[in-house]
4 protein chains.
Amino acid sequence: MPADERRQSLLDVSVRVFAQRGYERTSVAHICKAAGIGRGTFYEYFGSKHDLFRELLGEHARRLLERMEPFYRKGVLPLAGGSVQDLVAARFHEIFAHFREHRDIYNIFLREALAKNAATGDLFRLIQNQQIAVVADELRQAMAIGVIRKFPDATQLATFLLGGVMHVAFKYLIDESAEVDLDALAADVAAMALAALAPAR
Amino acid sequence: MPADERRQSLLDVSVRVFAQRGYERTSVAHICKAAGIGRGTFYEYFGSKHDLFRELLGEHARRLLERMEPFYRKGVLPLAGGSVQDLVAARFHEIFAHFREHRDIYNIFLREALAKNAATGDLFRLIQNQQIAVVADELRQAMAIGVIRKFPDATQLATFLLGGVMHVAFKYLIDESAEVDLDALAADVAAMALAALAPAR
Amino acid sequence: MPADERRQSLLDVSVRVFAQRGYERTSVAHICKAAGIGRGTFYEYFGSKHDLFRELLGEHARRLLERMEPFYRKGVLPLAGGSVQDLVAARFHEIFAHFREHRDIYNIFLREALAKNAATGDLFRLIQNQQIAVVADELRQAMAIGVIRKFPDATQLATFLLGGVMHVAFKYLIDESAEVDLDALAADVAAMALAALAPAR
Amino acid sequence: MPADERRQSLLDVSVRVFAQRGYERTSVAHICKAAGIGRGTFYEYFGSKHDLFRELLGEHARRLLERMEPFYRKGVLPLAGGSVQDLVAARFHEIFAHFREHRDIYNIFLREALAKNAATGDLFRLIQNQQIAVVADELRQAMAIGVIRKFPDATQLATFLLGGVMHVAFKYLIDESAEVDLDALAADVAAMALAALAPAR
DNA sequence: AATGAATGAGGATTCATTCAT
DNA sequence: AATGAATGAATCCTCATTCAT
């Protein structure tokens with residue numbers, strides 16, 4: 001198999017294995033078995049288990065931010081044609097979908113951030129802060145045009161909101177058994193947030 | 001040292017060590033050294049490293065719920081004398097304080113829940129759900145007497161709110177360096193939530 | 001077995017194994033097998049293979065210098081009663097005996113010094129220089145009282161002489177097969193050096 | 001690149017790498033990287049890492065002896081026109097120069113001889129003995145014509161002398177940092193040896 | 001003539017756990 | 001009640017070597 005492919009395959013496979021077993025409990029042998037290669041081959045592509053891990057997180061962090069970017073920037077505000085309702089609903093739907101899709105990597109990230117792996121923690125915080133920043137930015141615009149009520153600290157509000165969303169998502173996503181209609185959930189949470197932010201009539 | 005004391009000391013010591021290094025990276029030797037005992041002694045008190053861990057989580061879960069219980073139940077609603085503002089402020093302050101105090105055990109819990117340790121995950125979810133349940137209960141009462149706006153699903157709202165609070169708390173508590181005035185933070189977040197929940201004028 | 005004993009036994013055993021196979025080609029398993037213990041036990045006593053090695057060299061360096069010290073200082077010069085002949089003969093005999101006894105450790109030392117292990121090389125040079133220093137000191141005294149001819153640089157002469165001795169010793173000691181009458185060899189070399197150093201009649 | 005050239009380039013490159021890192025710590029990958037070839041290519045030219053090593057030592061041994069040969073045989077004794085002083089001085093200078101030039105290969109040789117690699121050790125001893133033999137031969141001639149004092153065992157004397165020279169050389173050559181005026185050193189050592197060997201006036 | 005992908009054997013190290021004292 | 005000596009299974013990693021292209 002060409003080097004690029006093999007490398008990618010290792011990255012892909014290891015996300016699953018790490019998410020399933022956690023970094024510590026995952027041995028290089030586990031990954032190699034899952035990838036269908038000999039143990040030695042692993043080290044042709046990555047200097048160490050931890051190197052792979054770092055690269056994996058880095059890569060996903062980049063992808064994550066890239067994918068978030070256009071979504072947050074997608075124009076949106078000031079409102080072109082759609083209603084605030086549609087907007088918020090779309091946003092929450094997207095966030096939930098994202099969660100579902102990247103459940104594994106989120107799990108890994110969170111776990112390592114909690115474990116205070118210096119490098120990983122920094123990366124995690126970077127992502128978090130960027131997400132918060134773009135949402136805060138939007139909220140500021142929304143407040144400016146009076147679509148939502150005015151709050152004194154947009155960043156804190158963004159933190160609060162994202163936390164709420166994540167928590168709801170977590171509760172349903174942390175265990176794979178509880179399969180939920182994410183679309184409905186997104187709609188519900190959006191409605192709720194909308195009500196909370198709605199300007200006084 | 002009497003057996004009971006020694007046992008308790010081991011539990012106390014291991015919380016710190018586990019929080020610092022994580023379950024996997026903590027060896028029995030680490031715990032024994034921190035507790036100042038020989039490695040053999042450990043097994044006089046606990047059948048295995050994992051046994052100690054289970055017991056530790058169980059014990060803290062019990063304590064946690066016990067301590068939460070009276071606080072949530074403390075009566076509160078319908079409002080005796082204090083304003084809604086005071087109430088919410090008090091609540092958030094308490095939650096933040098709780099975070100700070102039990103940072104270690106929260107960290108352990110969260111990490112293990114994410115690691116999908118069947119037993120630990122269940123415990124974690126139990127705690128989480130109980131917290132959500134009591135908050136949801138209160139919210140329902142508050143809606144009933146019109147102190148806050150009406151929302152269709154109180155449980156989801158509670159989840160959302162607790163998530164928001166936790167997220168703000170996390171952002172500041174995850175790294176020990178960023179020392180923050182928790183009292184001020186609690187006040188800010190309370191104000192924000194209050195505004196969000198306030199009934200239409 | 002008591003810890004002290006085991007520790008010492010490991011040090012003793014490993015000298016032989018290292019000398020036989022060289023540091024690199026000696027595995028911890030080799031040492032453990034030679035010492036009759038399990039592989040894990042090794043790490044109860046030494047942090048790593050290299051730690052053991054360092055300690056081993058350090059310990060022998062200390063012993064070596066200690067044992068050399070009184071020998072070189074044994075008074076000797078200015079000549080009490082014995083002749084120069086006796087003195088030099090005794091000295092060379094001792095050096096040869098020392099070689100034979102510590103053949104292994106000399107081998108290890110020299111090899112590592114050549115391998116430019118920073119730490120080991122420094123140790124080796126220290127020993128060498130000390131040996132040279134004491135011999136140079138004696139030579140200076142001997143020149144002063146006219147027992148040997150005068151040379152301009154005592155240190156260089158000492159280096160030269162010790163090198164000569166070591167080289168002869170090496171030639172016979174490097175391979176274990178060639179068993180030689182060391183006493184006779186010492187006497188021969190002593191006579192030779194003596195003739196070389198003898199003052200002009 | 002033509003096969004012959006590549007082969008030679010591999011030999012040349014590997015001397016440096018082996019001298020720097022030692023045989024054991026040098027991997028085929030190291031050599032290939034230093035030579036700028038793929039790992040597979042190596043085995044087109046040498047059957048194994050050890051094969052290369054053997055060939056390398058053999059080649060250098062041959063060169064070494066060849067270069068020594070004419071020098072030692074260069075006639076010299078009985079004295080044509082020059083003085084004994086000039087002769088000995090020239091000899092020592094040459095030996096020192098040789099050391100400096102072949103520091104790497106000497107290092108490898110010595111290390112392997114000490115490591116008791118059967119094959120390498122034999123080779124090393126062969127070289128050593130040949131050097132000793134030619135010097136002994138010369139000494140015998142010198143004694144015969146009364147240029148130096150008479151010693152009973154010319155071989156042992158040669159061993160002693162070469163050892164002395166090598167030791168002085170070693171002391172300065174073992175670490176690359178201590179840059180020394182080799183010419184001056186050679187002159188000093190020559191004067192010293194000369195004085196030691198000079199016949200009684 | 002060249003190579004890079006693949007690998008398994010081997011070596012250092014960690015660690016939960018046992019057991020005799 | 002305490003312990004420390006002992007261990008083997010498990011894990012990360014290296015590396016000489018093979019082979020299809």
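Here the structure is a predicted model, which means the values were calculated and not measured. Labels below follow one simple rule: chain letters A, B, ... track the order of the sequence lines, proteins then strands, and each chain is numbered from 1.
No donor-acceptor pair under 3.5 Å is formed between the side chain of Arg21(A) and the backbone N or O of Thr26(A).
Residue Phe46(C) contributes atom CZ, which lies 18 Å from atom C1' of dT14(E) at whole-angstrom precision. Separating the CG atom of Leu10(C) from the C1' atom of dA6(F) is a distance of 12 Å, rounded to the nearest angstrom. Straight-line distance from the OH atom of Tyr45(C) to the C1' atom of dA12(E): 19 Å, rounded to whole Å.
Heavy atoms of Ala3(B) sit nowhere under 4.0 angstrom from any nucleic acid atom.
Using a 4.0 Å cut-off between charged nitrogen and carboxylate oxygen, Asp51(C) and Arg54(C) count as a salt-bridge pair.
Leu11(B) and Leu56(B) get closest at one heavy-atom pair: O-CD1, 3.6 Å. Here the closest non-hydrogen pair linking Val15(A) and Ile108(A) is O-CD1, 3.7 Å. For the residue pair Glu24(B) and Lys49(B), the shortest heavy atom distance occurs at O-NZ, 3.8 Å.
Here the straight-line distance linking atom CD of Glu44(D) with atom CG of Leu10(D) works out to 11.5 Å at 0.5 Å rounding. The line from CG of Asn107(D) to CZ of Phe18(D) is 12.5 Å long, rounded to the nearest 0.5 Å.
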A correct 5'-to-3' footprint of nucleotides 15-21 of chain F, with B, S and - meaning base, sugar-phosphate only and no protein heavy atom under 4.0 Å, is SSBB---
N/O donor-acceptor pairs under 3.5 Å from side chains in residues 32-42 of chain C, not counting sequence neighbours:
none

Each base of DNA chain E marked ( ) or [ ] if paired in-strand (Watson-Crick or G-U under 3.5 Å), | if paired to another strand and . if unpaired gives .||||||||||||||||||||
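A residue-by-residue look at Arg6(A) and Met1(D) shows that Met1(D) has its nearest nucleotide of DNA chain E further toward the 5' end. If you find the closest nucleotide of DNA chain E to Gly36(A) and to Gly36(D), the one lying nearer the 5' end belongs to Gly36(D).
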